[in-house]
K.L.:
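Dumping the structure here so I can ask a few things about it.
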Amino acid sequence: MANDFVSVWEIYGLNLDPFSTAPILVKGNLIPPEVFTGRINELKRLEKLFGSSGGSRSIVFGTQGVGKTTLVNIARINALEHNFFTPYQEIKVDINWSVDDFIVNTLSAIYSTLIKKPKQNEEYSKIISKLKLLFDLYEKREQGGSFEVGVLGTSIGAGLTKNTLINKPLISTTYLEELFKETVDSILNLGFREIIIHYNNLDNFDEEEEKIKILFNGVRDFTQTPFVHFVFIGSPTTASIITSIPRVSNIFNDTPMQLEPLSLPEIKKTICSRVKVSAIEGLKYFNPVTDESIETLYSLHNGNIRAIFNALSIAIREVTEEKPVSLTNELLKSVLYKIAKKRFIDKTTHTLKEVLIEMLHQEESSNKTISRSLDKQPQNVSKYLKDLKELQCIYLTRIESKEKYYAVSEGVKWLLLTDGEIDEEQDINAKQTTLKQH
Ligand SMILES: Nc1ncnc2c1ncn2[C@@H]1O[C@H](COP(=O)(O)OP(=O)(O)OP(=O)(O)O)[C@@H](O)[C@H]1O
Ligand SMILES: [Mg+2]
């Protein structure tokens, strides 16, 4: 590019990357929630659950990047309009949390949101000072276990700094549970209808089944606090682990909600609206994406919206020089293939490459399926799988009867965008098609 400091997106008349893969947030979005598409039945199901007063526990699950966080955030945005209270930030559950960590981080997320609301009555001041006291106490402790800094870090300005290490207190779980109940009562007394709490990323636990079982057994009573809706997000494996815990499975109000990929027309619609809302006001803008390239990516990534956005963003940045470019199918394929080859093939050994290519052709692979089809020793395959995982070429999809199943990362699938052998050198003949202006 003639001037590397000119944003690629400006060339298209856009303010920012319309294909950012960040989820839609409850507050502080760059791309407005209006771009949310589809999921009517899922939203209805969640909203009915929140509407049925008294509190609830539910699980939303699906593959990586399918739209889980965004769905629950949209349901929470809608609930805000119906006078619910919800911490703005979803809570990222950490793999090493104890029951106390879990409760304190929930309180912390509530506190961070409460202090952003305009000052209210005496009830408000009472609960704010009570929670502040708890966090101050934690802060003063000497070394010990730490609590999730991301959530607590948002309390800056209320006595906590971004890097504050919050140490384990001598406060009991019962005390924390009581404090949570009091906090809930105060929030209801402030006039809110009920409370929704969103716990994200439970899939971090998928390889630590025992840890998730211990944590869920521990927080079982806490999650039954009346008037609070607890929503847990995870992968298919997370959902099956949680529902297999005997004392825990029966506290959930419904069967886990599985999220399927959006349809092709829904993806096309959301891409159009994302480009539109990213346009610089008063300027003409160009949409670089063609229908045929969306179709190619939709089928390559099995409709995974995050993977489709990521591929579009990378491809457009790669092909754009000084003028807007139309991302034809031909151009998309050659650019993504070249990137994947450089990232994943040129850097791996011959055997790893052989295993990776085999995995690309199997929908889901395990040690068994690979050792069988490549005629290799299972102990060697274990090592290859470990190496490929470290290189982020593959990821764990599920564990069944102790057998681990893997899929190739979405970016590795770009290697399939070639008409010849994977190793073949390809040229990018960027055809700069004239673009339609909007
Ligand atoms: N229904 C939708 N309409 C429009 N955009 C969506 C929709 N669902 C998800 N997205 C967008 O797709 C991307 C992935 O969504 P999100 O982060 O919610 O997925 P996820 O399943 O939570 O991913 P992860 O498994 O990594 O946590 C985000 O950029 C988000 O804005
Ligand atoms: Mg998510």
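Counting starts at 1 for both ligands and their atoms, following the listed order.
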K.L.:
Any nitrogen or oxygen of Asp203 lying under 3.5 Å from a nitrogen or oxygen in ligand 1? Just yes or no.
P.N.:
no
K.L.:
So for ligand 1, is Leu71 a polar contact partner (N or O within less than 3.5 Å, distance only)?
P.N.:
no
K.L.:
For atom 27 (O) of ligand 1, what is the closest protein heavy atom, and at what distance to 0.1 Å?
P.N.:
Thr69 OG1, 3.9 Å
K.L.:
Among all protein non-hydrogen atoms, which one is nearest to atom 9 (C) of ligand 1, and what is the separation to 0.1 Å?
P.N.:
Gly67 CA, 3.6 Å
K.L.:
Give, for atom CD1 of Ile95 and atom CD1 of Ile212, the distance between the pair rounded to the nearest 0.5 Å.
P.N.:
9.0 Å
K.L.:
Measuring from the heavy atoms of Ala22, does anything fall under 4.0 Å of ligand 1?
P.N.:
yes
K.L.:
Heavy-atom contacts with Gly65 under 4.0 Å: which atoms of ligand 1 show up? List them by number with element.
P.N.:
14 (C), 19 (O), 20 (P), 21 (O), 23 (O), 24 (P), 25 (O), 26 (O)
K.L.:
Between Asn253 and Arg57 (side chain of the first, backbone of the second, donor and acceptor by atom type, cut-off under 3.5 Å), is there such a pair?
P.N.:
yes
K.L.:
Output, in order, the C-alpha distance, side-chain angles, deciding distance and verdict of side-chain contact (heavy atoms from CB on, under 4.5 Å) for Phe232 and Phe216.
P.N.:
CA-CA 11 Å; Phe232 299 95; Phe216 268 81; 3.8 Å; yes
K.L.:
Would you mind running through ligand 1 and noting each atom that sits below 4.0 Å from a heavy atom of Ile24?
P.N.:
31 (O)
K.L.:
Is it the side chain (CB and beyond), the backbone, both or neither of Glu90 that lies under 4.0 Å from ligand 1, heavy atoms counted?
P.N.:
neither
K.L.:
Quick one: which ligand 1 atoms are inside 4.0 Å of a heavy atom on Val35?
P.N.:
3 (N), 4 (C)
K.L.:
Using 4.0 Å as the upper bound for N to carboxylate O, is an ion pair formed by Glu177 and Lys181?
P.N.:
no
K.L.:
Please determine if Asn201 has a nitrogen or oxygen closer than 3.5 Å to a nitrogen or oxygen of ligand 1.
P.N.:
no
K.L.:
Quick one: nearest non-hydrogen protein atom to atom 4 (C) of ligand 1, plus distance?
P.N.:
Thr270 OG1, 3.2 Å
K.L.:
Specify whether an N/O/S atom of Thr69 falls short of 2.8 Å from the Mg ion (ligand 2).
P.N.:
yes
K.L.:
Can you tell me the protein heavy atom closest to atom 20 (P) of ligand 1 and the distance?
P.N.:
Lys68 N, 3.4 Å
K.L.:
For Tyr405, is there any backbone N or O sitting under 3.5 Å from a side-chain donor or acceptor partner on Ser366?
P.N.:
no
K.L.:
In ligand 1, which numbered atoms sit nearer than 4.0 Å to a non-hydrogen atom of Phe36?
P.N.:
1 (N), 2 (C), 3 (N), 4 (C)
K.L.:
Any Lys/Arg nitrogen of Glu47 or Lys44 sitting under 4.0 Å from an Asp/Glu carboxylate oxygen of the other?
P.N.:
no
K.L.:
Below 6.0 angstrom between ring centroids: does that apply to Phe230 and Phe222?
P.N.:
yes
K.L.:
Tell me, with the steps shown, if Cys393 and Tyr406 meet side-chain contact (heavy atoms from CB on, under 4.5 Å).
P.N.:
CA-CA 10 Å; Cys393 293; Tyr406 296 91; over 6 Å; no
K.L.:
For Ser20, counting its heavy atoms only, list the atoms of ligand 1 lying under 4.0 Å from any of them.
P.N.:
29 (O)
K.L.:
Give me the one residue out of Thr63, Asp203, Ile241 that meets side chain to side chain contact (heavy atoms under 4.5 Å, CB included) with Ser235.
P.N.:
Asp203
K.L.:
Salt bridge or not between Asp254 and Arg45? Use side-chain N to carboxylate O under 4.0 Å.
P.N.:
yes
K.L.:
Any heavy atom of Glu266 sitting closer than 4.0 Å to ligand 1?
P.N.:
no
K.L.:
I'd like to check which ligand 1 atoms, numbered from 1 as shown, lie under 4.0 Å from a non-hydrogen atom of Thr21.
P.N.:
13 (C), 28 (C), 29 (O)
K.L.:
Between Glu318 and Lys338, does any NZ, NE, NH1 or NH2 come within less than 4.0 Å of an OD or OE carboxylate oxygen?
P.N.:
no
K.L.:
Answer yes when Lys404 and Glu207 have at least one side-chain N-carboxylate O distance shorter than 4.0 Å, and no when they do not.
P.N.:
yes
K.L.:
For atom 5 (N) of ligand 1, tell me which residue out of Ile31, Ile305, Ile271, Thr37 has the closest non-hydrogen atom.
P.N.:
Ile305
K.L.:
How far is atom 11 (C) of ligand 1 from its nearest protein heavy atom, and which residue and atom name does that atom have?
P.N.:
Phe309 CE1, 3.8 Å
K.L.:
Using a 4.0 Å heavy-atom cut-off, say whether Thr70 meets ligand 1 through its side chain, its backbone, both or neither.
P.N.:
both
K.L.:
Is the NZ or CZ atom of Lys211 positioned over Phe205's six-membered ring, under 6.0 angstrom from the centre and within 45° of the axis?
P.N.:
no
K.L.:
Give me the residue, atom name and distance of the protein heavy atom closest to atom 17 (O) of ligand 1.
P.N.:
Arg306 NH2, 3.0 Å
